[in-house]
Every structure is written in structure tokens, then in C-alpha cells.
Amino acid sequence: MNKLPVNEQKRILEERYPHLLVEEEKTKEKEKTLPPLPNAEKGKVKTRFAPNPDFVIHLGNARPAILSDEYAKMYDGKMVLRFEDTDPRTKKPLREAYDLIKEDLKWLGVKWHEEYIQSQRMSIYYDIARELIRRGCAYIDLCKEKSRELLRAGKACETRNNPVEWQLEHFEKMLNGEYNEGEAVLRIKTKLDHPNPSVRDWVAMRIIDTVKNPHPLVGSKYTAWPTYNFAVSVDDHLMGITHVLRGKEHQVNTEKQLYIYNCMRWRPPEFIHFGRLKLEGFIMSKSYIRRLMEENPDKFLGYDDPRFGTIAGLRRRGITPEAIRTVILEVGIKPGDAKLSWANLASVNRKILDDRADRIMFIDEPIELVIEADKCLEAKIPYHPNRPEKTRTIKICPGDKIYINKRDKADEVRLIGLGNFKLEENKAVFTGESLEYARNMKLSIIQWTPVAQSVSVEVLVPKELELIRVQGYAEPAIREYKVDDKLQFIRYGFIRIDSIGEKYVVVFSHK
RNA sequence: GCCGCGGUAGUAUAGCCCGGCCCAGUAUGCGGGCCUUUCGAGCCCGUGACCCGGGUUCAAAUCCCGGCCGCGGCACCA
């Protein structure tokens, strides 16, 4: 059956099992869609993506961004972009990261309707903090280190029971810079016997010495900074977020945040937590990437090195935003972890690139051959098999030299577009133009390039932590392309043009 | 250690809530073939999975119990 031509197979299939063909077309139509959101109403959904601008985002961060975007679109809702930069000490924001992240999101096709920066909203947090104190839900803790032990034992600092006036007064002292780091914190009252000690009277605000650690946006203006859990609750409510999509590392945070909602009598949003996403063979961790770059300043090309799983790195590798979105939607919102295989991403990307990428001949193991023929020859080669009308022409005359790959050397081959040749020690003897003949003889159909007009190309091939540099030659037509264009080097793989100088530097995407 | 969440082929995912139509579907990978001026794409065939053990039931991937494994959290990080 398999040896029959496709047409024949199809005919037999139609004859015997006509229903199978119909079924097949039906399933093809089916596209992966996200499950519905709980309590979601069309036009009223509002999601948010809240990155910490301490570095560029990676594929794992792109998951909540794309999912939030996708759900907002699905329900004709809105999406908020919010920079969470409230720790100038241990998670110091990077000034460039704010814009870099926005660029990455735009490139990914993520659309947001509102944009906020937490460090610009400090007075809002202060106001809510005062209200929390007035309602008896928060207190100033002056016990320093001792609190940790007390809380672990299910007890709290004595100041917890001080009157509201005392709390308010000391809160203002916190704001006025009367305390140093570690001397005072604002805590949210919780059950003191909560099974998770970190939930017990969790910290909502602490002192950070911004003279020592100035904030890139607001400098040393503030010393009392809200913690993640506090700022997030306030913002999610004030911004009208209805659905929070985030990783499962936030599960416990949700519990903490609910104390704020309860005290303020706010209606909490729906929380959806999903598992972690890894990409096989790529480095994703922000801190690890930073360390690698610091320790090996010459080894990496930047935060967008194609060996990194940053969005910028994947972009540089030649991965399309469509491919990233496709795999993220495929993984969906299930709570389990996912280790995406590179083969999977590459395959999705290949399908997208296949129709877009022009085909160019490239030789990475060159051997020189002199053409022997009785006349000049012209190779008319389509840029893409799907668009045969658009071609370039390469003229070769007797005595001209060409490159072919050493590994392609055989007694007789067909040079793409040019004709059939018998190969000798260092010459190629033209034997005819017949494609028919080449097929019948099962000749290898190989790429080649004219020596005189060849363009030097360096291919950067990412391999785990290494970047292999392959030198070679491309046919002259490569000159028609610019940086960031994606091509397929025939019988070699897909590449993205990285820079154009003395030679073309390209990044190998995948086969 | 404690708390929480998971475990479907190499990878990803469908089915699990509402047990039978699932001797488990799809994509990718791998093997083979057809087609094709690429070892690409397309098409065809094949390959391969319900973590383990009990229980409930006429019937369990689906429900219940126990175990094992994995992940997350246990911060004045986000």
C-alpha cells in the first residue's frame, strides 16, 4: 500500500473508506482553545501581567503574559501591564528593563490597555495601609529579629495589641524615615496558628535604605516600601482585575492576599495557578543568566544570546512570536509542570517559517571544482518552491569555479538549477540538463555556489552552553536580505541573519 | 521536616469534574514509504503511555484508600 503513489492511495481510500477522509478534514479544523475562565462574563474580564523589571522576560514569564492576553481577547476584556518594582534592595530594578519588557511583549503580540509602575504609586499603598491599621487589621512591629521566633511559636510582638492611635503614629514615623532597615515593619494580622509560618502576620511594609540602594526611578524618595503581597492586593483591586493568572509559586501568596481582601471587604478576583514551564536545552533563570554573563563576559552575546531562553534570545535564534504563542496555548493552564522539548518548539516554528523563508544555497565544507562544459550555463532558481515564478539566475561558463560540500562529492550529481555533472578530482564535467535523467539515476541534488561571487558566511550554532562558529559560503543572492530576515539554507536548516559586515553572520535556528 | 499541588508514550497535550462510545485521541520525535530540482514541506503506514497496590462497580485513565515519585511554598523576593 505504501509503495503506491499518493493519488492511488487516496483513490483506494476514497473507494473503501470514504468516511475516513471526511473525518480527517474535520479534526484538522479543530484548533487548540483555552478552557473557559470561572465567573467570566464577556466584556468584563480584566487580566494583568505584572513582571518585575529586574531583567528581561523569558519563556516562562511569557506564559502568564500570553495567557492573560489570550483570555482578555477571548472575553473582549482588557489587560493591564504593571511593573512590580518595590524592592530596590534585593531585586533591584534595571532601568532598561521596563522598555525591554515592553518591546518583548509587543513582539509577542501581547496587547495591554493600561500601564502602571508600582514605584509611582507609593502614596496609594500608604493610604491603604493607614486604612488597614484603622480597621485593626495591621500593626507596627518593633520587635525586630525577635518577631520571627515569636511567630514561629504562634505568638506575636507585644505591639500587636497597641491601640490604633499608637499604630498610626508609628506608621508615620516609618514613612518619615525615623527607622533604619529592620527596625520596624507593618504586619497584617492573620491567624497566628496558620500551618504555614510565613503566612502568620505577614509583612506588608518594610524599611529599605534607598540612600544605600537608590531606586532607578524614584531614587531615595521613599524608605518605607510595600511588599509584593501588599502592593499586589491593592493594585489588583484598584485596577479592577477579575482574573489573576500566575504560576503556582504564588499559591501561598494568594492566601496571604485574601486577608487584605477580607479586611477591606473587597471582592477577590479569581486566581488561577499553573505549573512551571521549562524549555529543554535553554537557560531560563534570570539570576543564572546574569551570573553567566558576569563570569564569562566574552562568552555570551548579551541577554539576547541565542543560548538563553529569554524572549530576546529566542527572537535572535529565529523563533517566531507565533510559534511561542502556539506552544504556550498548547501547554495551557494545567497545574502540572511542563518541560517543552526543543524539537517541539522547532517543529512549530518550522511550519511557520517554511512558507516565509526563501531558499538560499550555502556551503559549509567547501571544495573547489572547475566547470567543464561546451557552453555557458544558466541556473534559474526559484527563491521558494511555492513561488516558482520568482527566480534568480546564476551564470556559469566553462572554466569557472564553484564550491560544493565535500560530503556531497560523488561520481555524478545534479547541481540545483544548473544540470548534471560527473565529478572528477577537481573538475565537474557537464553531462546534460535533464532532470528526468537525474531522477532516474537517483543522483543527489545538491547545492553549490560560484566561487567568484560567493559571500562569506559565519553560522552561529547554539549547542547547550557552547556557540559553534561554522564558516562557509553562500550564493550571491544572500545579499538581497537584511538583518533579522529568516532564510532556509538548502539542505542545511533555517537561519536568521544576525549581522552584516565583512561577512554575513547568521544564527542557526533549527533544521 | 511541615504545608500545598500534581503524576497519560521520549516530549507536549485530549479524555478525568458527569465511570461504559478509550484494548486511550492529537502533535512532535523515531522507523519505513510516496511525492518533490533540499536530507525541508506535504501525504501514507508503523512505533510508543493511563506511577504502583488495593477497594467500589456488571464496567475505572476516570470514583475511594494507601504508597511511591516529581514540583512549588515555608523571606522584611517578586
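Because only heavy atoms are used, hydrogens play no part in the values below, and waters and symmetry mates are left out as well, while side chains stay in. The sequence lines fix the lettering, A, B, ..., with proteins before strands; numbering per chain opens at 1.
Relative orientation of the A:F271 and A:Y261 rings is perpendicular, given thresholds of 30° and 60° on the angle between their planes.
If you measure from atom CG of A:N344 to atom P of B:A27, you get 12 Å, rounded to the nearest angstrom. Computed from coordinates, the A:N349 CG to B:U11 P distance equals 22 Å when rounded to whole Å. Across the protein-nucleic acid pair, A:L277 atom CG and B:A12 atom C1' stand 10 Å apart, rounded to whole Å. Whole-Å rounding puts the A:D235 CG to B:A78 C1' distance at 13 Å.
Within the nucleic acid shown, A:H194 has no heavy atom closer than 4.0 Å to any nucleic acid atom. Heavy atoms of A:N405 sit nowhere under 4.0 angstrom from any nucleic acid atom. A:G417 comes within 4.0 angstrom of a base, heavy atoms only. Among the protein residues, A:Q488 comes within range of the nucleic acid bases, having at least one heavy atom under 4.0 Å from a base atom. Using a 4.0 Å heavy-atom criterion, one finds that A:R359 contacts the bases of the nucleic acid, with or without backbone contacts as well. Base engagement by A:R414 is indicated by at least one non-hydrogen atom pair under 4.0 Å involving a base atom.
Within the 4.0 Å cut-off from OP1 or OP2 of B:U13, at least one side-chain nitrogen or oxygen of A:K334 is found.
Look at A:K339 and A:E280 and you find no salt bridge, because none of the NZ, NE, NH1 or NH2 atoms lies under 4.0 Å from a carboxylate O.
Scanning atom types as modelled, one donor and one acceptor separated by under 3.5 angstrom connect the side chain of A:N253 and the base of B:A78.
For A:K91, the side-chain atoms get nearest to B:C77 when compared with the rest of B:G40, B:C77, B:A78. In the set B:U38, B:U11, B:U28, B:U28 carries the atom at the smallest distance from any side-chain atom of A:K351. Comparing B:G10, B:G70, B:A78 against the side chain of A:R206 picks out B:A78 as the nearest.
Taking atom C1' in both B:A59 and B:C23, one finds a spacing of 14 Å when rounded to whole Å.
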Inset, instruction - Start with the C-alpha distance between A:W448 and A:Y403, add both sets of side-chain angles, then the distance that settles ring-ring contact (aromatic ring centres under 6.0 Å, His included), and finish with yes or no. - result: CA-CA 6 Å; A:W448 55 279; A:Y403 289 126; over 10 Å; no
Inset, instruction - Could you go through the salt bridge (Lys or Arg N to Asp or Glu O under 4.0 Å) check for A:E172 and A:R130 one step at a time? - result: CA-CA 9 Å; A:E172 299 308 326; A:R130 289 187 190 98; 2.6 Å; yes
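Separation of the A:W342 and A:F282 ring centroids falls under the 6.0 Å cut-off.
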